[in-house]
Number of protein chains: 2
Amino acid sequence: MIKETSSNAFNRKFLHSVCRINGALETIAGRWKALMLIHIAEGKNRFSLLKQVLPTVSDQVLGRQLRELEADGLIGKTVIAEVPVRVDYHLTDKGTAILPILDALAEWHDKR
Amino acid sequence: MIKETSSNAFNRKFLHSVCRINGALETIAGRWKALMLIHIAEGKNRFSLLKQVLPTVSDQVLGRQLRELEADGLIGKTVIAEVPVRVDYHLTDKGTAILPILDALAEWHDKR
DNA sequence: GGAGTTACTCACAAAAAAATGAGTGGTATA
DNA sequence: TATACCACTCATTTTTTTGTGAGTAACTCC
């Protein structure tokens, strides 16, 4: 049973309506997403390659975060009919555009 | 009973160790924090003023996020012995430095 | 004495995010 | 036939985050 009026969902919508920052933060705040974007940019652009560099992420979370990044337009995917199937991910323009902001965040974090 | 080795906590530490972005995101990803920072910058710098502009936030969450922002060095507080007691918040240098990054995020979010 | 103001805090409940363990389908190699 | 690879997906549990409702202290005004 879904409560349409749960405060939680209501508050999320409220925040989206008053400020776009919340939308932006939601698309990149998934625990592994920032690192996934960076790795994809550097050529670790497949499910199994990402698992190598993020060894402790669970399959399910990795799969879901890939789907979400795709749905939010930060990455695209190409299915290559090799054997076994191979799927390559790449950053879209929007995905590429977030990288300098992530850098800025990292630098900011070192401030005193 | 606390599991020191829960994957959840382990993964968080792992991410912090490999990339500062995750630390930065954690400090600002609380649902209300970005907006709180902006309002404090604009003079809505007290508990009750923040409640006015964020009417649906709960007292507990507002209080906790203020504590966290303070612990992370983004805001400072001044207790003024009026009656009733009054507490003013202000952005630190670090808190001020995040504002342009938040703006950049908002702009980025509008990209196609 | 009772109500109101400010700035919280606490125990608890609900919702969301992340993790676990197993399973799918196609192909190819031992 | 059995095992392995790749790229997932599912049902379920665990952990974290957010929200609810009530309560606190100190003081003032009626």
Side-chain angles (χ1 to χ4, degrees), chain A residues 1-15 22 25-36 40 44-52 54-71 75 77-89, chain B residues 1-15 22 25-36 40 44-52 54-71 75 77-89:
Chain A
M1 225 172 281
I2 304 156
K3 282 204 257 169
E4 281 292 330
T5 44
S6 85
S7 298
N8 203 315
F10 175 83
N11 280 342
R12 178 158 56 207
K13 281 184 203 159
F14 167 75
L15 283 166
N22 281 274
L25 283 174
E26 268 187 33
T27 84
I28 56 165
R31 176 170 283 187
W32 304 88
K33 286 182 183 172
L35 213 44
M36 285 164 68
I40 291 170
K44 304 289 186 194
N45 61 339
R46 292 166 50 199
F47 199 95
S48 52
L49 294 175
L50 285 167
K51 285 207 66 166
Q52 281 170 29
L54 307 172
T56 55
V57 72
S58 66
D59 281 14
Q60 177 166 104
V61 171
L62 182 55
R64 187 173 47 234
Q65 301 210 345
L66 282 168
R67 277 203 303 282
E68 289 173 1
L69 287 174
E70 198 192 351
I75 63 175
K77 76 199 253 188
T78 314
V79 179
I80 297 160
E82 281 181 2
V83 70
V85 193
R86 180 176 146 197
V87 179
D88 284 2
Y89 291 94
Chain B
M1 223 172 284
I2 305 155
K3 281 205 256 170
E4 280 292 330
T5 44
S6 84
S7 298
N8 202 317
F10 174 83
N11 280 342
R12 179 156 57 205
K13 283 183 201 159
F14 167 76
L15 283 166
N22 282 273
L25 283 174
E26 270 189 31
T27 84
I28 55 164
R31 175 171 282 188
W32 305 87
K33 286 183 183 171
L35 214 43
M36 285 164 68
I40 291 170
K44 303 288 186 195
N45 61 339
R46 292 166 49 198
F47 199 95
S48 52
L49 293 175
L50 286 167
K51 286 207 66 167
Q52 281 171 29
L54 307 172
T56 56
V57 72
S58 65
D59 282 13
Q60 178 166 107
V61 171
L62 182 55
R64 187 172 47 235
Q65 301 210 346
L66 282 168
R67 277 203 304 281
E68 289 171 2
L69 287 174
E70 198 193 351
I75 62 175
K77 74 199 254 189
T78 313
V79 180
I80 297 160
E82 281 179 4
V83 69
V85 192
R86 181 176 147 198
V87 179
D88 282 4
Y89 291 94

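Throughout, protein chains are lettered first and strands after them, A, B, ... in sequence-line order, and every chain is numbered starting at 1. Bear in mind the structure is a predicted one, so any value in this text is a computation, not a measurement.
Panel note: side chain A:Arg31, backbone B:Asn8; a donor-acceptor pair is recorded below 3.5 Å.
Residue B:Lys51 places no side-chain N or O under 4.0 Å from the OP1 or OP2 atom of C:dT5. For B:Tyr89, a side-chain nitrogen or oxygen approaches OP1 or OP2 of C:dC8 to under 4.0 Å. Checking the phosphate oxygens (OP1, OP2) of D:dC6, no side-chain nitrogen or oxygen of A:Ser48 falls inside 4.0 Å.
Atom CD of A:Glu70 and atom C1' of D:dA7 are 13 Å apart (whole Å). One interatomic measurement links the two molecules: CG of B:Leu54 to C1' of C:dC8, which rounds to 16 Å at whole-angstrom precision. The CZ atom of A:Arg86 sits 14 Å away from the C1' atom of D:dC5 (whole-angstrom rounding). At whole-Å resolution of the value, NZ in A:Lys77 and P in D:dC6 are 17 Å apart. When the C1' atom of D:dA4 is taken as reference, atom CD of A:Glu82 falls 17 Å away, rounded to whole Å. Counting to the nearest Å, the P atom of D:dC5 and the CG atom of A:Leu49 are 15 Å from each other. If you measure from atom CD of B:Glu26 to atom P of C:dA18, you get 10 Å, rounded to the nearest angstrom. Counting to the nearest Å, the C1' atom of C:dA18 and the NZ atom of B:Lys13 are 17 Å from each other.
You'll find that the side chain of A:Phe47 is closest to D:dC8, out of D:dC8, D:dC6, C:dA7. Considering only the side chain of B:Ala9, D:dT16 comes nearest among C:dA7, C:dA16, D:dT16.
Legend: residues meeting salt bridge (charged side-chain N to carboxylate O under 4.0 Å, His left out) with B:Lys51, ordered by chain and number and at least two apart, are B:Asp59. In this structure, B:Gln65 has no side-chain hydrogen bond (donor to acceptor under 3.5 Å, both in side chains) partners at least two apart in sequence or on a different chain. In this structure, the salt bridge (charged side-chain N to carboxylate O under 4.0 Å, His left out) partners of B:Arg86, at least two apart in sequence or on a different chain, are B:Glu82, B:Asp88. Annotation: side-chain contact (heavy atoms from CB on, under 4.5 Å) contacts of B:Arg64 (sequence neighbours excluded): B:Gln60, B:Val61, B:Arg67, B:Glu68. Considering only residues two or more places apart in sequence or on other chains, A:Asn11 meets the side-chain hydrogen bond (donor to acceptor under 3.5 Å, both in side chains) condition with B:Thr56. Remark: B:Gln52 pairs with B:Leu49 by the side-chain contact (heavy atoms from CB on, under 4.5 Å) rule, at least two apart or across chains. Judged as a side-chain contact (heavy atoms from CB on, under 4.5 Å), and not counting sequence neighbours, the contacts of A:Ser48 are A:Arg46.
When all heavy atoms of A:Tyr89 and A:Ile40 are compared, the closest pair comes out as O-CG2, 3.9 Å.
B:Lys44 places none of its side-chain heavy atoms less than 4.5 Å from the side chain of B:Leu54. With contacts defined as side-chain heavy-atom distances shorter than 4.5 Å, the pair B:Leu50/B:Leu35 does not qualify. Taking 4.5 Å as the limit, every side-chain heavy atom of A:Phe47 sits out of range of all side-chain heavy atoms of A:Val87.
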Protein proximity profile, nucleotides 20-30 of chain D - base contact B, sugar-phosphate-only contact S, no contact -, cut-off 4.0 Å on heavy atoms: B------SS--

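Between B:Arg12 and A:Val87, the residue anchored closer to the 5' end of DNA chain D is A:Val87, taking for each the nucleotide with the nearest heavy atom.
Rounded to 10°, the helix from C:dG1-D:dC30 to C:dA30-D:dT1 has 30° between the axis fitted to its first five pairs and the one fitted to its last five.
Of the residues in residues 27-35 of chain A, none has a non-hydrogen atom less than 4.0 angstrom from any atom of DNA chain D. Interface residues of residues 62-69 of chain A facing DNA chain C, ordered by number: A:Arg64, A:Gln65; criterion, heavy-atom separation under 4.0 Å.
None of A:Leu69, A:Leu66, A:Thr27 except one satisfies the side chain to side chain contact (heavy atoms under 4.5 Å, CB included) rule with A:Lys33; the exception is A:Leu69.
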